[in-house]
Number of protein chains: 2
Amino acid sequence: MATIAQLAGVTQPTVSRAFNHPEMLQPETLERIMQAVNQTGYVPNMVARSLASSRTRLLAAIVPMLSNVVYSSFLKPFTARMREAGYQTMLFESGFSLQEEERLVEMAIARRPDGILLTGATHSETCRRHLRSAAIPVAEVWDLADDPIDLCVGFSHDESARHAARYLIGKGHCRFAVISANDERAYRRREAFSQTLAAAGLELPRRVDLPSSASIGQGKAAFGALLESGFDQGAIFCSSDIIAHGVLIEAARRAVDVPGRIAVMGFGDQDFAAEIMPPLTSVQIDRQRLGEEAARLLLARIEGREATPARIDIGFGIIARDTA
Amino acid sequence: MATIAQLAGVTQPTVSRAFNHPEMLQPETLERIMQAVNQTGYVPNMVARSLASSRTRLLAAIVPMLSNVVYSSFLKPFTARMREAGYQTMLFESGFSLQEEERLVEMAIARRPDGILLTGATHSETCRRHLRSAAIPVAEVWDLADDPIDLCVGFSHDESARHAARYLIGKGHCRFAVISANDERAYRRREAFSQTLAAAGLELPRRVDLPSSASIGQGKAAFGALLESGFDQGAIFCSSDIIAHGVLIEAARRAVDVPGRIAVMGFGDQDFAAEIMPPLTSVQIDRQRLGEEAARLLLARIEGREATPARIDIGFGIIARDTA
DNA sequence: CTGAAAGCGCTTACAG
DNA sequence: CTGAAAGCGCTTACAG
């Protein structure tokens, strides 16, 4: 910036103004400065700018898994909105671990982001404390916190599972199974699903817990295990579309009639759910809207405007297709 | 840091040393400082640290699409390695646009990352100029640059397509089609594929160009269009496994025998390729290794060690399964 | 409209 | 082993 100043025959603060408050400068001064900038290919140093202004125009977003479309699809509209507003988003992956999340939050805070997006409403106590003492705007998404740290945009996992249970009961099923990936929210859905069955006087569902995050292979294996344990008729509620996809592939291989003998329901309504054969019935979340609302609220908070409502329930839907 | 210094009864530079060179301090001084840090929950300011040391411990990685597993799966080992070494990676998505990449590189440079990872070997002239004048270590991955900016870890797209063509010719096919997503590297593979057919005295392949990035729906539609245009027998080389998956679903729906009448080959060998029915034959790239090598080279360059070889060909393999 | 001055929160030689 | 001083590259009141 000092070099540019010399080239343009002004002082360094004037160059700074050319970038941040061009309207303050005389047109010809601005012109000379811009010429020097183009000539040298100078790019302002955001590190220095951040330190001086105590605004980094940086955001941190932490999701369980970057490669899972369920998360990346709300991140996409979120980062897009934020970028339009001049903010860059740092992406982090917690691998469904609260401990890892805690470490990432600490690393993120060290960079002094202007805002933080967190997936889920469950965080370690240390994490919450760090966040509070850093006094950075926070948006929790993909769940509905009872006691939000700050902003919150999500849906009720319990409620979605209850709806799924009622939907499947309504289809006349009386035997059920739940296949869950290793994810706290999936477990909560399983519990709510079970309670709804119990309330209807039905048998509790068979449970298959997957050791890690979901894959087609795990879905196949889980379905195989269910069949072999005698579950040869009923409805299976899967904690993700990927798992459901595996179930469907294995069912086809074993010539099990879907939905005649076995009904299958996914979760997330990913793109492929509508495309595979048979098309998968699934719980749909408006991830686009989730990302947009989170961006809107966080931006309002960051820029000192009113962020209302501070807690948004975006709901869910059950997309009935051929498998249940 | 000044607060911590007061609490511990030392000067601020001593607190700085406690973080960066603890071995320089007297154990009891260190102890007092650490107590103050824990008491207050103080997290050092990386912005100030970066400015003062002119090292940000920040990396920028630009990929075409974050939600595409093909890219996120080399990003994962890359970011993991880098994190172990104390570097955080900022992730950006260029949407297969060189213009967008150019803008992202400029934004990235403003943050003064210690290194940059770029997907592909094709970049705008402005982008290359920016990178050169910023003098930041750069790793280009997922392709083999003839004229690398700096470091390079990838494979030959041309060579992979030639192998695919020879493989399919070897299976006795004499009619071919290529379905390509809107991606420069996919087009290059298509050209190399065509040339190999021509060299073997075979008819050029039918071409189906998809308007955007790949989806199952697009694969289905492309296969429908091929059939209707009279392509009812032969081998189809798809530019991604996703597209191939769509082709397989549509083929099953139309009761087209695979691989008897139509052989299908994917690209990328994603997880689901082995799991779907029939299992998909595909071109496999060792993305894990790609990410690791990129991290290794970039780290060496950043830390002033020798980064050799500066250009690594990780090759590819053809995974023969049931569809071709 | 532009300049001179102070300051953002650290690191890093340089003394002692 | 620790302190005093300068500096990293900007922004932002404050003057003029």
Side-chain angles (χ1 to χ4, degrees), chain A residues 1-34 36-37 40-58 86 88 106-114 133-136, chain B residues 1-34 36-37 40-58 86 88 106-114 133-136:
Chain A
M1 207 169 240
T3 320
I4 302 293
Q6 264 193 323
L7 275 173
V10 293
T11 59
Q12 175 267 316
T14 304
V15 178
S16 168
R17 286 184 195 107
F19 284 104
N20 301 312
H21 311 281
E23 73 287 352
M24 286 178 67
L25 298 192
Q26 209 165 259
E28 49 186 48
T29 310
L30 185 60
E31 174 62 24
R32 254 183 305 142
I33 293 174
M34 281 317 166
V37 167
T40 54
Y42 166 78
V43 179
N45 185 330
M46 271 303 290
V47 179
R49 184 179 284 198
S50 297
L51 184 61
S53 65
S54 62
R55 297 190 58 206
T56 53
R57 295 200 159 274
L58 199 65
Q88 279 172 58
E106 186 168 340
M107 298 180 66
I109 289 178
R111 303 268 177 200
R112 302 295 189 264
D114 292 335
S133 67
I136 297 172
Chain B
M1 209 168 239
T3 320
I4 302 293
Q6 264 192 324
L7 275 173
V10 294
T11 60
Q12 175 266 315
T14 304
V15 178
S16 169
R17 287 185 194 104
F19 284 105
N20 301 311
H21 311 281
E23 72 288 353
M24 287 179 66
L25 299 192
Q26 208 164 260
E28 50 185 46
T29 311
L30 185 60
E31 174 62 23
R32 254 183 305 141
I33 293 173
M34 281 317 166
V37 167
T40 55
Y42 166 77
V43 178
N45 185 330
M46 272 302 291
V47 179
R49 183 180 285 198
S50 296
L51 183 62
S53 66
S54 62
R55 298 190 58 207
T56 53
R57 296 199 160 274
L58 201 63
Q88 279 171 57
E106 186 168 341
M107 296 179 68
I109 289 178
R111 304 268 177 199
R112 301 295 189 265
D114 293 335
S133 68
I136 296 173

Exercise. Contact class for B:Phe19 (heavy atom, under 4.0 Å): base, sugar-phosphate, or nothing?
Worked result: nothing
For this session: Identify whether any heavy atom of B:Met1 sits under 4.0 Å from a base atom; if not, whether one sits that close to sugar-phosphate; answer base, sugar-phosphate or nothing.
Result: sugar-phosphate
Taking the side chain as everything from C-beta on, heavy atoms only, tell me whether [X] gets closer than 4.5 Å to [Y].
X        : Y       : result
A:Pro44  : A:Arg49 : yes
B:Val10  : B:Leu25 : no
B:Arg111 : A:Ser50 : yes
B:Val47  : A:Val47 : yes
B:Asp114 : B:Arg55 : yes

Distance in angstrom units between [X] [atom1] and [N] [atom2], rounded:
X        : N      : atom1 : atom2 : value
B:Met24  : C:dC14 : CE    : C1'   : 12 Å
B:Arg111 : D:dG9  : CZ    : P     : 17 Å
A:Leu30  : C:dC1  : CG    : C1'   : 12 Å
B:Glu28  : D:dT2  : CD    : P     : 8 Å
B:Asn20  : C:dC10 : CG    : P     : 11 Å
A:His21  : C:dC1  : NE2   : C1'   : 14 Å
A:Arg112 : C:dC8  : CZ    : C1'   : 12 Å
B:Arg17  : C:dA13 : CZ    : P     : 11 Å

For this session: Look at the side-chain N and O atoms of B:Thr14 and state whether any lies under 4.0 Å from the OP1 or OP2 oxygen of D:dG3.
Result: yes
Exercise. Within less than 4.0 Å of OP1 or OP2 of C:dC10, is there a side-chain N or O belonging to B:Tyr42?
Worked result: yes
Seminar exercise, completed: Out of C:dC1, C:dT12, D:dT2, minimum distance to the side chain of B:Leu25 belongs to D:dT2
Problem set entry | Residue B:Thr11, side-chain heavy atoms: nucleotide from D:dC1, D:dA4, C:dC10 that is nearest | D:dA4
Exercise. C:dA13 pairs with which nucleotide, Watson-Crick or G-U wobble, both distances below 3.5 Å?
Worked result: none
For this session: Scan residues 44-56 of chain A against DNA chain D and write down, sorted by residue number, each residue with any heavy atom closer than 4.0 Å; if none is found, say none.
Result: A:Asn45, A:Ala48, A:Arg49, A:Ala52, A:Ser53
For this session: Measure across B:Leu7 and B:Ala36 and return the closest heavy-atom pair with its distance rounded to 0.1 Å.
Result: CB-CB, 3.9 Å
For this session: Report the residue (A:Val43 or B:Gln26) whose heavy-atom-nearest nucleotide on DNA chain D is the more 5′ of the two.
Result: B:Gln26
Problem set entry | Nearest-0.5 Å distance that lies between atom OG1 in B:Thr14 and atom CE in B:Met1 | 10.5 Å
